[in-house]
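Report on the structure given below.
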Number of protein chains: 2
Amino acid sequence: MGSNIHHPAVDEIELTAVMHALSDPARLKVVRTLAVEEERACGTFDLGVSKATASHHYKVLREAGITRKRIEGSHHYLTLRREDLDARFPGLLDAVLAADLAGAAR
Amino acid sequence: MGSNIHHPAVDEIELTAVMHALSDPARLKVVRTLAVEEERACGTFDLGVSKATASHHYKVLREAGITRKRIEGSHHYLTLRREDLDARFPGLLDAVLAADLAGAAR
DNA sequence: GCTGGTGTTCGATAATCGTCAAACTCATAT
DNA sequence: ATATGAGTTTGACGATTATCGAACACCAGC
């Protein structure tokens with residue numbers, strides 16, 4: 001069967017889910033990295049957690065509508081859903097990314 | 001002794017704590033209300049939860065640096081730390097408040 | 001075929017969280 | 001002083017969460 005991975009539509013993205021997804025340091029690091037790097041394979045984020053845990057974080061980000069996953073061969077590539085987030089919650093992602101620059105991991 | 005209520009300094013406000021605090025519908029409602037109303041007593045938010053639960057939410061918001069509490073007589077008044085939040089994470093609060101307008105409770 | 005690499009899913013566990021009722025503190029009445 | 005009202009604190013409970021190892025699925029080579 002085709003890929004079962006689900007990405008919420010733009011108008012299905014919920015603020016509470018986005019806020020929750022971005023309240024974890026590991027997930028914040030993924031988002032921060034994708035904001036610079038555009039597209040990266042799952043394995044290339046050094047999150048300091050196990051593969052299983054990292055996979056869980058990818059799922060939370062995807063289901064919140066923050067990232068999109070593309071499967072190519074044996075690699076899973078992540079991208080930021082920048083335009084979708086900007087359309088749904090203007091300024092939110094920019095504010096979060098700017099905050100990361102200011103305050104290290106705070 | 002003076003009041004023991006602690007408010008984090010501006011540079012102690014952590015992004016993850018703010019994001020977590022704003023990931024709950026009841027707390028979001030408090031913030032949304034304070035954005036319009038400027039100052040309100042704790043009891044005047046109809047959150048649909050018990051007093052104990054509401055008090056817990058006030059504490060989470062205060063400890064995250066989002067609200068400030070002022071005690072006057074037997075009333076506890078809450079205000080939004082708008083300038084502090086804007087200084088620490090420019091655009092974040094505005095984005096959240098704008099999002100609330102767009103998407104009801106989503 | 002097999003083997004190695006990439007990533008997910010499945011329990012399981014420990015920690016955190018949201019919720020409440022009950023007891024409490026403090027101020028303001030009467 | 002006795003009550004009433006505003007809010008907090010204290011357990012306690014169930015639900016969610018973050019974490020891991022182990023097993024699994026899939027693809028790309030050998």
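Each chain gets a letter, A, B and so on, in the order its sequence line appears, and its residues count up from 1.
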I want to verify a distance call: between C:dG7, D:dA18, D:dT9, whose nearest atom is closest to the B:Ala52 side chain?
D:dT9
From the options C:dG7, D:dT8, D:dT19, select the nucleotide whose nearest atom is closest to the side chain of A:His57.
D:dT19
Checking side chain to side chain contact (heavy atoms under 4.5 Å, CB included) for the pair B:Asp84/B:Arg88: CA distance, chi angles, key distance, verdict?
CA-CA 6 Å; B:Asp84 291 343; B:Arg88 184 85 174 92; over 6 Å; no
Nearest to the B:Ser50 side chain among C:dC20, D:dA18, C:dT9, which nucleotide is it?
C:dC20
Measuring from the side chain of B:Arg27 (C-beta onward, heavy atoms only), which nucleotide among D:dG7, C:dG18, D:dC20 has the closest atom?
C:dG18
Among the nucleotides D:dT19, D:dT9, C:dT9, whichever has the atom closest to the side chain of A:Lys59 is C:dT9
Counting the atoms with a prime plus P, OP1 and OP2 as sugar-phosphate, which does B:Ala26 contact under 4.0 Å by heavy atoms, base, sugar-phosphate, or nothing?
nothing
Counting only side-chain heavy atoms from C-beta out, which of C:dG7, D:dA6, D:dT8 sits nearest to B:Ser55?
D:dT8
Could you report the tightest heavy-atom contact between B:Arg27 and B:His20, atom names first, then the distance?
NH2-O, 3.3 Å
Roughly, in whole Å, what's the span from OH in B:Tyr77 to C1' in D:dT8?
17 Å
Consider side chain to side chain contact (heavy atoms under 4.5 Å, CB included). Of B:Ile66, B:Leu92, B:Asp94, which one does B:Leu85 pass it with?
B:Ile66
For the residue pair A:Arg40 and A:Tyr77, would you count it as a cation-pi contact if the rule is NZ or CZ under 6.0 angstrom from the ring centre and within 45 degrees of the ring axis?
no
Of the candidate nucleotides D:dT8, C:dC20, C:dG7, which contains the atom at the shortest distance from the side chain of B:Thr53?
C:dC20
Given D:dA6, D:dA18, C:dG18, which nucleotide is nearest the side-chain atoms of B:Lys51?
D:dA6
Can you find a side chain N or O atom of B:Lys69 that sits less than 4.0 Å from OP1 or OP2 on D:dG7?
no
Go through D:dT8, D:dT19, C:dT8 for me and flag the one nearest to the A:His76 side chain.
C:dT8
Classify A:Ala54 by what it touches in the nucleic acid, base, sugar-phosphate, or nothing, heavy-atom distance under 4.0 Å.
nothing
Of the candidates C:dT19, D:dG7, C:dT28, the side chain of B:His56 sits closest to C:dT19
